[in-house]
2 protein chains.
Amino acid sequence: MSEKDTPATRPGERITIREVAQDAGVSVAAVSKVLRDAYGVSDALRTKVRASMAKLNYRPRASARGMRGRTYTIGLIFPDLRNPFFADIYSGVNAALERTQYQAMQGINTTSGAVNTTSSALIEAMIDRQMDGLIVIGPNIDMQALINLGERVPLVVVGHHDRGGDAFDTVNNDDQLGARLVVRHLVAKGFRRPAMLSLTPATSSIIQQREVGYRLEMMELGCGEAINIVRASQVVRDVQVAVRRLLSDANRPDAIFCWTDLMAFEAISVATEMGLSIPEDLAIVGYDNTIFCDLAQNSLTSVDQSGELLGLQAARMLIERIDGRTSAEHFIVPPRIVARGSASATSEAE
Amino acid sequence: MSEKDTPATRPGERITIREVAQDAGVSVAAVSKVLRDAYGVSDALRTKVRASMAKLNYRPRASARGMRGRTYTIGLIFPDLRNPFFADIYSGVNAALERTQYQAMQGINTTSGAVNTTSSALIEAMIDRQMDGLIVIGPNIDMQALINLGERVPLVVVGHHDRGGDAFDTVNNDDQLGARLVVRHLVAKGFRRPAMLSLTPATSSIIQQREVGYRLEMMELGCGEAINIVRASQVVRDVQVAVRRLLSDANRPDAIFCWTDLMAFEAISVATEMGLSIPEDLAIVGYDNTIFCDLAQNSLTSVDQSGELLGLQAARMLIERIDGRTSAEHFIVPPRIVARGSASATSEAE
DNA sequence: TGTTCTACGTATATCGTTCTACAAAATCTT
DNA sequence: AAGATTTTGTAGAACGATATACGTAGAACA
């Protein structure tokens with residue numbers, strides 16, 4: 001009888017909540033309450049339990065917690081791993097999670113280009129693993145899929161303007177304004193025929209927003225006839241072809257506004273190979289203001305959209321949703337242009 | 001009584017193994033066996049159960065599995081998110097996991113530079129979440145910590161030559177050879193005073209291996225007096241300072257062999273800003289052969305260490321360990337130099 | 001003084017799998 | 001045909017937390 005009650009604390013094994021309770025001289029339920037910061041715990045009890053947890057070096061197991069409650073894990077889904085912009089978002093998310101019990105786990109949704117109506121394998125895997133919520137980054141996923149997903153699990157989408165009713169929150173920079181700033185900057189520097197290298201497939205309205213911003217600002221500044229939008233996928237080959245075609249045209253643009261810094265670097269490369277010099281023959285502007293913009297060989301003017309802040313807000317909002325909020329919220333940060341050599345006034349002229 | 005037996009299958013809820021068993025007309029244990037490919041299942045039973053699983057769209061929950069068995073999740077720990085080389089490793093890992101039930105979850109161990117004896121928060125979090133095994137990438141973690149870790153959980157380390165007895169497997173390229181190839185290449189192209197920009201802190205022997213390779217090959221090719229190793233951390237500022245100092249020296253090197261492509265790009269930037277042209281005044285060679293090497297503005301000669309293959313092997317070996325192997329294995333891939341403009345023979349001379 | 005709250009703790013069923021032990025059926029041996 | 005062995009399937013106890021429901025003690029109020 002007594003042997004059955006005391007399960008003979010095997011030493012090599014991991015400490016469980018039961019042993020903490022025994023050590024602290026309280027019930028298992030009490031320890032669980034302390035763990036979850038639940039209601040109905042006196043200071044004295046909390047202190048006692050915390051002491052035992054520290055002493056025994058106790059760590060709750062996520063799978064056991066997940067059986068009834070939360071796993072305190074959130075999934076972070078990137079569209080790819082090569083763009084250093086996502087590192088900024090990541091560090092923002094981590095900053096927000098710093099003092100919480102939550103931990104982020106990343107996955108890469110490698111369905112580049114393909115719009116997937118059904119949820120991706122990665123997302124299903126994350127749901128199987130009982131993630132308390134998901135942060136999905138980038139415009140790769142179909143709208144209806146997002147809504148379905150948001151109905152199954154707390155969800156925040158970063159970089160996706162379309163709203164899904166109350167199904168999910170969104171976090172963005174003002175892409176229309178960002179595009180306007182670029183055009184304004186270029187025209188101010190004397191480039192009056194900037195083309196835009198946009199993304200295909202143009203599934204999410206984040207792309208449309210930038211294209212609209214580009215068009216409108218071009219019109220308003222009297223450059224309407226020069227409007228020229230070309231689209232390419234993120235694949236290196238596609239970008240090269242698109243840029244080459246753009247620059248081979250009879251009346252080629254005097255500037256290219258690129259969807260992403262990575263595309264802009266490709267553009268610089270192609271232009272250089274074609275013997276054009278930057279910015280004298282061609283100005284280039286990117287988006288994201290990634291660290292590589294600072295390198296002298298790129299010296300890329302770009303739009304900063306505060307990736308870290310985006311990540312921070314996304315995590316904050318997700319936790320609110322996990323804690324029960326059911327109405328959607330939307331966060332927008334203003335973009336800001338960072339001028340560098342790739343779109344400066346022609347240096348000779350200055 | 002009958003109500004207790006049939007738990008009244010609530011519709012909105014997720015399908016469980018019990019419902020699959022009921023649908024297939026077999027026991028819960030039988031379904032579990034099919035799920036795990038365990039011994040003692042006839043073809044007929046397997047087919048029947050598989051059909052029910054598909055029909056009901058059943059997916060097992062990782063947390064429940066983790067209570068007794070595996071979670072079928074492995075943790076992938078990167079040192080940072082900005083180096084596109086890690087994307088190659090990632091895709092190798094994913095390729096190896098393709099047809100298995102395993103799923104990789106990533107985390108970034110942001111203890112850049114700092115050598116942590118105690119296991120990092122991320123690693124603890126992954127253990128709390130019952131990862132079946134871990135793949136740790138990069139030389140950031142202290143040797144003793146790795147051994148301790150390997151004794152707690154199946155472990156494969158990528159980019160770390162030191163062996164930890166049977167505690168973990170390692171996957172590497174031959175760094176000593178890689179460094180030799182670089183020196184050989186540079187000397188063959190006429191650069192007889194190449195310096196090496198290495199990494200600090202030099203905790204892992206992967207760094208030592210490259211330094212040894214550099215030294216030995218320099219000696220063997222009769223350039224012993226020109227041996228010059230400078231170290232910097234991965235932090236941008238440090239790299240800039242180190243390169244600037246190197247190039248300001250009275251008899252400056254005619255080439256720099258950089259620890260990583262990222263450092264090489266920095267080096268190109270600094271050299272450019274100092275008015276040096278590449279490769280006429282200074283050759284530069286990187287390591288990893290990341291995608292950015294191909295850009296015309298970098299055109300960086302680099303060492304390819306087949307990141308994808310490394311990832312593939314790491315995942316394969318980890319699964320073997322999870323399945324019970326306890327002796328260590330070590331995989332080494334030969335590096336290969338990829339020549340580009342940054343270290344070509346002076347173009348004028350040719 | 002008795003009654004009603006409120007705050008604090010506890011006992012225990014429960015979550016969805018896996019795993020151990022065993023029973024039954026099929027096959028092999030002699 | 002009887003025993004021995006192997007194969008196939010089942011029952012039911014785990015795993016380690018959480019959450020519900022409830023008991024109790026003290027405070028507040030009449």
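Letters go in sequence order (proteins before strands), and every chain restarts at 1.
Rounded to whole Å, atom P of C/dG16 lies 6 Å from atom CE of A/Met67. For the pair B/Arg65 CZ and C/dT17 P, the computed distance is 8 Å after rounding to whole Å. Nucleotide D/dA14 holds its C1' atom 11 Å from the CZ atom of A/Arg18, rounded to whole Å. The CD atom of A/Gln101 sits 12 Å away from the P atom of D/dA17 (whole-angstrom rounding). We find that CD of A/Glu19 is positioned 13 Å from C1' of D/dC15, with the value rounded to whole Å. As rounded to whole Å, 13 Å separates atom C1' of C/dG16 from atom CG of A/Asp128. Residue B/Arg59 contributes atom CZ, which lies 16 Å from atom P of C/dG16 at whole-angstrom precision. If you take CZ of A/Arg68 and P of C/dC15, they are 6 Å apart, rounded to a whole angstrom.
The closest side-chain donor-acceptor pair between B/Asn109 and B/Ser120 falls under 3.5 angstrom. Residues B/Asn94 and B/Glu98 bring no donor and acceptor atom of their side chains to less than 3.5 Å of each other. With no hydrogens or angles considered, a side-chain donor-acceptor pair links B/Thr73 and A/Arg129 at under 3.5 Å.
If you find the closest nucleotide of DNA chain C to B/Ser63 and to B/Ala29, the one lying nearer the 5' end belongs to B/Ser63.
Listed nucleotides: D/dT18, C/dT12, C/dT18. Nearest to the side chain of B/Leu35: C/dT18. Here D/dT10 is the nucleotide among D/dT10, D/dA17, C/dT17 with the atom lying nearest to any side-chain atom of B/Ala30. Nearest to the side chain of A/Lys33, among C/dG9, C/dT12, C/dG16, sits C/dG9.
The phosphate of D/dA17 has neither OP1 nor OP2 within less than 4.0 Å of any side-chain N or O from A/Arg61. Remark: B/Ser27 is in phosphate contact with D/dT10, judged by side-chain N or O atoms under 4.0 Å from OP1 or OP2. B/Ser32 has a side-chain polar atom (N or O) that falls below the 4.0 Å cut-off from OP1 or OP2 of C/dT18.
For DNA chain C, the residues of residues 36-58 of chain A within the heavy-atom distance limit of 4.0 Å (strictly under) are A/Tyr39, A/Gly40, A/Val41, A/Ser42, A/Leu45, sorted by number.
Checked for salt-bridge contact, A/Arg70 and A/Asp323 meet the test: a charged N lies under 4.0 Å from a carboxylate O.
Taking the six-membered ring where the residue is Trp, A/Phe168 and A/His160 present perpendicular rings, their angle passing 60° and hence far from 30°.
In terms of heavy-atom proximity, B/Val158 sits nearest to B/Ala314 at CG2-CB, 3.8 Å.
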Candidate pair B/Gln101 and B/Arg65, rule side chain to side chain donor-acceptor pair (under 3.5 Å), full reasoning: CA-CA 12 Å; B/Gln101 292 194 64; B/Arg65 308 183 92 174; 3.3 Å; yes
